[in-house]
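After the C-alpha cells below, expect a handful of questions from me.
We count ligands from 1, going down the list as the structure has it; atoms in each ligand are counted the same way.
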Amino acid sequence: MAAMSAGIIERYAAHLPVTAATPRVTLGEGSTPLVRSSRIGPSVGLEQLYFKYEGLNPSGSFKDRGMAVATAKALEAGAQTLLCASTGNTSASASAYAACCGLRAVVVVPAGGVATGKLAQALAYGATVVTVKSSFDAALKLVRQLADQPGVALVNSVNPFRIEGQKTGAFEIVEQLGRAPAQLFIPVGNGGNITAYWRGFGELVMTAGGSAPRMHGAQAEGAAPLVRGRPVTRPRTVASAIRIGNPASWAGAVAARDESGGTIEAVSDAEIMAAHRRLAREEGLLVEPASAAGVALLLRKAKARQVTDEGTVVCVLTGHGLKDPQALTRGLRIPRPVAPTLATLRRAIG
Ligand code: F0G
C-alpha cells in the first residue's frame with residue numbers, strides 16, 4: 001500500500017539523485033495546492049491564474065522540498081550536523097528536518113534580519129541559532145568556510161541536492177494543470193528556486209514534449225542585484241526573505257530568464273505590500289511579503305498589457321503569512337475590548 005502522504009523523495013525518486021540506499025526522509029513535504037485565482041486574476045483580465053501555495057509545506061515554505069533531499073543525502077554520507085546561513089526559511093526548514101532525523105542544526109542568521117515566526121521556529125525545533133551582525137550575504141560567506149568540517153553538511157541552495165528537491169514544485173504544477181503553464185512568476189533572492197523550477201520544467205519538457213513557461217523573477221527594488229547587473233552592498237526591503245545583495249545562484253537565475261524568454265524585474269516595497277494585502281483580502285491566501293513579490297510583478301505586467309489572457313499563469317507563493325506577523329498587522333488597528341452586551345456588540349459590528 002502506498003504511504004498516506006508520501007514525501008517528494010518517495011514520489012519522485014526516479015527523477016532525483018537518490019538510490020535504494022538513500023533514506024526516505026520526509027515530513028510530508030510537497031503535494032501543495034494549486035489554487036485558482038478567484039478575484040485577482042479576473043480583475044486584470046486573466047481567467048487562468050493559479051497560485052502554487054508553498055506555504056502549506058511542513059515548516060511553512062518551499063524550502064522543505066530541497067531540505068528533504070539534502071537531509072537524506074547528508075544522512076547517507078554520515079553527517080551529524082546540518083549547517084546553513086539564512087534569511088529565515090532555510091533555517092526553519094533545516095531545523096525541522098534535523099529534528100526529525102536526530103541531527104544537529106546550526107543556523108546562522110543576520111541579526112534583526114529575520115521575521116519573528118522563523119526565528120521562533122528554529123529555536124523551537126531545537127537548533128543552535130547564531131545571529132551575526134551582518135547581512136545574509138556575509139553570513140553565507142562565513143558558513144561556506146565551515147562546510148568542510150567533518151560530519152557537517154552545508155544545506156544552503158549551493159548544495160546541489162537542494163535544487164534537485166525544489167524542482168519537484170515544477171513537476172507538481174505540470175501534474176496539476178495537465179501541462180506546463182505559459183508563464184511562471186516567482187520571487188528571487190539567492191536565485192536557487194528559479195533555477196530549480198527551470199530545471200524541473202526543462203526535464204519534463206525534454207521527456208514529455210510540450211513547451212516550458214516563460215520564467216518571470218521578481219526582486220525587491222532595494223535588493224535587486226540581478227536587475228542592476230551587479231551586487232548590492234546594503235540590500236533593503238520589507239521582504240526580509242529576499243533581502244540579498246549577491247545571489248549564490250546568480251548564473252542559474254539568469255539562465256532561467258534568458259533560456260525561457262522571461263524577465264527578472266524589481267518591484268517596490270509598496271507594490272509588494274499591496275499584493276500581500278490583496279492575496280489575503282481577495283483570495284484568502286496568507287503569505288509573507290517576499291511571496292507577494294511575484295504577484296506584484298504580474299499585476300504590473302498585466303496592467304501594462306505585457307501579460308494577457310493567452311495561457312495559464314502560475315504565481316509561486318513561497319512562504320506562509322504567519323511567519324511574519326509584523327508584516328500582517330502593519331497599519332492595522334487591533335480592536336479594543338468592548339463590554340459583553342448586545343448593544344455594544346451591535347455598535348462594534350456597525
Ligand atoms: N521566498 C521566500 C519566502 C524565501 O524564504 C526565499 C529565500 C525566496 C522566496 C527566494 O528564493 O533564495 O531560492 O531565490 N529564502 C532563503 C532563506 C534565502 O534563507 O530562507 P531563492
Side-chain angles (χ1 to χ4, degrees), residues 52-57 59-67 70 82-96 105 107-110 113-115 117-119 121-122 127 129 135-137 139-140 143 154-159 162-163 165-167 169 185-200 215-220 223-226 235 237-254 256-257 264 267 272 275-276 279 286-297 315-324 327:
K52 181 68 169 160
Y53 196 26
E54 288 287 280
L56 293 195
N57 275 294
S59 83
S61 84
F62 71 95
K63 306 283 180 181
D64 294 339
R65 297 178 182 275
M67 204 58 71
L82 304 184
L83 170 70
C84 68
S86 180
T87 57
N89 282 321
T90 299
S91 68
S93 183
S95 306
V107 307
V108 181
V109 299
V114 173
K118 304 174 190 179
L119 204 53
Q121 281 184 286
V129 178
S135 64
F136 164 82
D137 302 285
L140 180 58
V143 299
L154 182 67
V155 294
N156 280 104
S157 56
V158 294
N159 177 329
R162 280 277 314 279
I163 306 289
Q166 282 169 210
K167 76 185 178 188
F185 286 78
I186 187 167
V188 175
N190 218 19
N193 211 28
I194 192 172
T195 303
Y197 269 80
W198 183 237
R199 185 180 301 173
M215 305 286 288
H216 298 289
Q219 296 210 286
L226 295 169
T237 168
V238 65
S240 58
I242 53 172
R243 196 180 289 148
I244 294 176
N246 193 9
S249 296
W250 188 299
V254 167
R257 175 193 68 191
I264 297 181
V267 288
I272 290 173
H276 177 259
L279 282 165
L286 214 55
V287 302
E288 62 171 288
S291 304
V295 180
L297 181 58
C315 293
V316 183
L317 305 181
T318 47
H320 202 285
L322 291 175
K323 283 176 171 274
D324 194 342

Review point. Got a second to check how far R243's CZ is from F136's CZ, nearest 0.5 Å?
Key: 12.5 Å

Check your understanding: Hey, does N190 have a side-chain heavy atom less than 4.5 Å from the side chain of S249?
Key -> no

Review point. Taking distance alone, with no angle check, do G189 and ligand 1 share an N/O pair under 3.5 Å?
Key: yes

Point to revise | For S86, atoms of ligand 1 separated by under 4.0 Å from a heavy atom | key: 17 (C), 19 (O), 20 (O)

Check your understanding: Just distances here: any N/O of N89 and N/O of ligand 1 closer than 3.5 Å?
Key -> yes

Exercise for review: Can you pull out the closest protein heavy atom to atom 4 (C) of ligand 1? Residue, atom name and distance to 0.1 Å, please.
Suggested key: A241 CB, 3.5 Å

Point to revise | Non-hydrogen side-chain atoms of T195 and W250 separated by less than 4.5 Å | key: no

**Study point:** Backbone or side-chain N or O of T318 under 3.5 Å from ligand 1 N or O
**Key:** yes

Review point. Tell me: protein heavy atom nearest atom 15 (N) of ligand 1, and distance?
Key: K63 NZ, 2.8 Å

Study note, to complete from the structure: Rounded to the nearest 0.5 Å, the NZ atom of K323 sits from the CG atom of L119 at a distance of 11.0 Å

Check your understanding: Going by distance only, is there an N or O of G191 that falls short of 3.5 Å from an N or O of ligand 1?
Key -> yes

Exercise for review: Output the list of atoms in ligand 1 that are nearer than 4.0 Å to some heavy atom of T90, sorted by atom number.
Suggested key: 16 (C), 17 (C), 19 (O), 20 (O)

Check your understanding: Should I163 and S157 be marked as a side-chain contact (heavy atoms from CB on, under 4.5 Å) after you check the CA-CA gap, both sets of side-chain angles, and the distance that decides it?
Key -> CA-CA 6 Å; I163 306 289; S157 56; 4.1 Å; yes

Study note, to complete from the structure: If you compare N190, V107, I244, L317 by their heavy atoms, the one closest to atom 12 (O) of ligand 1 turns out to be N190

Review point. Applying a 4.0 Å heavy-atom criterion (strictly less than), which segment of T195 is in contact with ligand 1: side chain, backbone, both, or neither?
Key: neither

Exercise for review: Looking only at protein heavy atoms, identify the closest one to atom 11 (O) of ligand 1 and say how far it is in Å.
Suggested key: F62 CZ, 3.6 Å

Revision key, fill the gap. In this structure, SG of C84 is separated from CZ of R162 (nearest 0.5 Å) by 8.0 Å

Point to revise | For V188, atoms of ligand 1 separated by under 4.0 Å from a heavy atom | key: 14 (O)

Check your understanding: Is the closest N or O pair between G319 and ligand 1 shorter than 3.5 Å?
Key -> no

Point to revise | Ligand-residue contact atoms, ligand 1 with N193, heavy atoms, under 4.0 Å | key: 13 (O), 21 (P)

Point to revise | Atoms of ligand 1, numbered as shown, that sit under 4.0 Å from any heavy atom of G192 | key: 13 (O), 14 (O), 21 (P)

Check your understanding: Regarding S291 and T318, is there a side-chain donor-to-acceptor distance under 3.5 Å anywhere?
Key -> yes

Review point. How many angstroms lie between OG in S93 and NZ in K63, if you round to the nearest 0.5 Å?
Key: 8.5 Å

**Study point:** Any side-chain heavy-atom pair of V267 and I272 under 4.5 Å
**Key:** yes

Practice item. Would you mind listing which atoms of ligand 1 come within a distance below 4.0 Å of any non-hydrogen atom of T87? Key: 15 (N), 16 (C), 17 (C), 18 (C), 19 (O), 20 (O)

Practice item. Report, in ascending order of atom number, the atoms of ligand 1 lying under 4.0 Å from any heavy atom of I242. Key: 8 (C), 9 (C), 10 (C)

Review point. Quick one: are V316 and Y197 in side-chain contact, heavy atoms under 4.5 Å?
Key: yes

Point to revise | Any N/O pair S91/ligand 1 closer than 3.5 Å | key: no

Exercise for review: Check whether any side-chain heavy atom of V254 sits under 4.5 Å from a side-chain heavy atom of L226, and report yes or no.
Suggested key: yes

